[in-house]
Amino acid sequence: MAFTASQIIRSAFYNQIKKCNFYKATFLLFISIHQLNPLQLLSAEDIEIHIRGCAQNNRESQQKIYSSFYGYAMSVCDRYVSREEDAVEILNDGFLKIFKEIHHFTPAYTDVVSSFKGWLRKIMVYTAIDHFRRNQKHHVLAELDTDTNRFASYNESALDKLSHDEIIKAIQELSPAYRTVLNLFIIEGFSHEEIASQLGISTGTSKSNLSKARKQLQKILFNKQQIVPVKNAV
Amino acid sequence: MQFEELDKRINEAASHHQPAFDTKAWEKMNQLLDKELPQKKEKKRRIFLFLLFLLPLAAGSFFILSNQSNKKPVTTLQYISKPSSFENSSTHEQELKKETGISKPGDKIEKGLDKTITGNNVNNKKTSLIHAKTQPAVLNTDSQTGVVKNTPTFTRKEKSDKGFMSITTNPASISSTPENDNSNNQTLSVQATSETSKNKPADLIVEKNTMNENSSINKDSSVSTSNTKKNIQSKHLSRWALTFSTGPDVSEANSNSMGKTTMTLGAGISYSLSKKFTLRTGFYTSKKIYSASAGSYHPPAGYWTYYYDLKKIDANCTVYEIPLTISYNFAQAKKHTWFGSAGLSSYLMKRETYDYTYKDYAGQLQNKSWTIENKNKHYFSVLDLSAGYKYSISKKVSLIAEPYMKLPLSGVGFGKIKLSSGGVLFTVSISAFGKH
């Protein structure tokens with residue numbers, strides 16, 4: 001998946017921060033702000049108004065909500081697939097569910113935007129799970145080669161060299177089953193029992209897939225960064 | 001534990017990951033929404049509404065114009081004397097009767113011809129004139145009767161066996177005479193043209209005086225034709241009037257409290273279908289400021305999940321109104337008219353601002369405001385009733401005072417509120433083409 005200009009700028013910004021080069025980091029921050037879609041900068045009040053508009057099937061409000069929460073929603077969706085087209089499909093299916101059910105949305109607390117984001121995230125995750133179940137009925141789990149044992153652990157400093165986008169990219173390159181379990185367990189916080197019930201697998205398979213996902217991720221990251229593994233690490 | 005750092009980095013990466021907006025993704029989303037959640041097509045009712053307004057006006061105009069065109073040209077009815085020198089008079093009379101239906105004085109004229117004879121034709125053709133004694137004759141047209149006086153006398157001097165007499169009538173020379181108006185003396189002329197060549201010139205007696213009369217009559221006829229046409233046209237135009245209105249208006253929405261008094265402003269047109277009935281329409285703008293209880297506010301389904309416990313709604317709406325009413329003049333004096341009016345109005349909600357007062361989950365009173373624009377349109381949704389008084393300052397200008405009441409046939413606005421309004425409308429009516 002190709003990186004967008006804003007992703008590259010943000011990645012460069014974090015790298016400059018790590019290098020303590022604050023002047024360059026400030027410059028990059030300035031550039032990245034102007035890369036933001038102005039539609040994303042809606043106020044909380046505007047978002048509330050457009051949420052009500054979406055309940056009336058107002059297309060303009062739907063576009064405003066879509067563009068405002070696109071980045072947040074896509075950050076969830078594109079971790080579950082490797083192709084951008086599939087990520088857009090999951091995203092749009094998720095938003096369709098949201099627009100259909102938005103009149104049932106009740107803010108759980110006074111911060112309507114945070115309540116809406118939490119509700120949106122949940123819908124995107126379940127839509128991604130549905131997409132996985134629909135397209136990956138026959139899970140083919142490739143045998144990991146024996147070399148993965150060499151990447152049992154990494155030096156902390158080695159991980160620091162990896163940018164966020166590189167890690168996301170590596171997650172996207174995982175096998176579909178491993179990728180889904182890894183996302184649900186590590187990022188979404190699902191338990192193995194919950195993962196098992198959602199994906200239609202056993203708890204043991206979920207644990208096994210998670211372990212293998214981590215090892216495959218390490219291999220991918222190693223190939224990317226050529227990180228030297230620490231031998232005999234605990 | 002070995003993967004603790006890796007998990008931490010994965011979570012950090014996920015929280016910082018924020019892809020940029022992709023317009024192509026929205027295009028796909030838009031197509032999906034059109035398929036799964038299609039929007040209601042706004043019916044192009046403006047054209048329909050416009051045609052609906054035009055329809056009664058067109059029908060009324062057509063009705064009146066068709067009445068005008070169906071008026072048969074007036075043919076003269078004269079006493080036709082039988083000159084003693086006239087031979088085959090009975091034959092001639094029969095021919096005349098065939099052409100014009102004239103048999104004897106006092107008979108109704110059933111047929112009118114539209115041939116005219118110009119002065120040249122009079123000279124070229126062998127024209128004989130039918131002279132008739134000047135007698136009062138009953139003039140029957142399609143709709144009116146009148147008394148014709150002072151008809152010129154004509155004496156037919158020509159005799160012909162084979163020639164047929166085509167009697168010409170000149171409707172333009174005759175205007176309708178009201179029954180109660182005996183002051184007009186109509187001058188009628190009947191000319192007969194013989195087209196036979198067998199007439200002996202000796203039998204033709206053409207009187208110069210009569211010829212002169214004929215030529216002058218022809219000229220008068222053409223002038224009066226155009227005058228009559230102008231009269232008809234001006235009568236139609238005089239039925240139209242422009243109106244400019246303003247007045248106080250107050251609204252209420254099934255609550256115990258009346259709303260705030262505002263001003264209505266607008267302009268319109270009216271058309272007098274007859275002396276009793278007038279059709280009116282126009283375009284008016286007004287503000288509807290009122291309060292409604294939660295029970296009288298009916299938003300779309302599922303809307304109230306957002307507001308926990310609604311207490312009150314304060315509304316401030318700018319409304320464009322298009323009424324279509326018909327008035328009946330039930331009393332009329334020289335300059336004074338009293339009328340009643342009924343019709344239907346359409347409301348176009350230009351701007352709706354709703355202020356919601358509600359209690360949140362913690363029981364605290366909260367306030368939220370929401371504005372929508374150009375969203376709701378309600379065609380023929382309001383019953384318009386009024387009665388009024390009209391004073392004619394002049395032939396062209398009138399003043400009207402008209403208390404009215406507007407009752408909802410369906411809910412208006414976002415909350416589908418049954419909104420009633422009342423007030424007084426002061427109108428200046430201007431007829432640019434004369435009295436109507």
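Letters A, B, ... are given to chains in the order of the sequence lines, protein chains preceding strands, and every chain is numbered from 1. All of these numbers come straight from a predicted model, not from anything done at the bench.
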Residues Asp384(B) and Lys406(B): closest non-hydrogen pair is OD2-NZ, 3.0 Å
- Query: Leu91(A) versus Tyr66(A): any side-chain heavy-atom pair under 4.5 Å?
  - Reply: yes
(message) Side chains of Asp86(A) and Tyr80(A): any donor to acceptor distance under 3.5 Å?
(response) no
So, the part of Gln62(A) with a heavy atom under 4.5 Å from chain B: the answer is both
If one checks every heavy atom of Arg59(A) against chain B at 4.5 Å, the contacting part turns out to be both
Comparing Asn11(B), Leu33(B), Asp34(B) against chain A, the one with the most heavy-atom pairs below 4.5 Å turns out to be Leu33(B)
- Task: Please work out which of the three classes, parallel, tilted or perpendicular, describes the rings of Phe116(A) and Phe105(A), given edges at 30° and 60°.
- Result: perpendicular
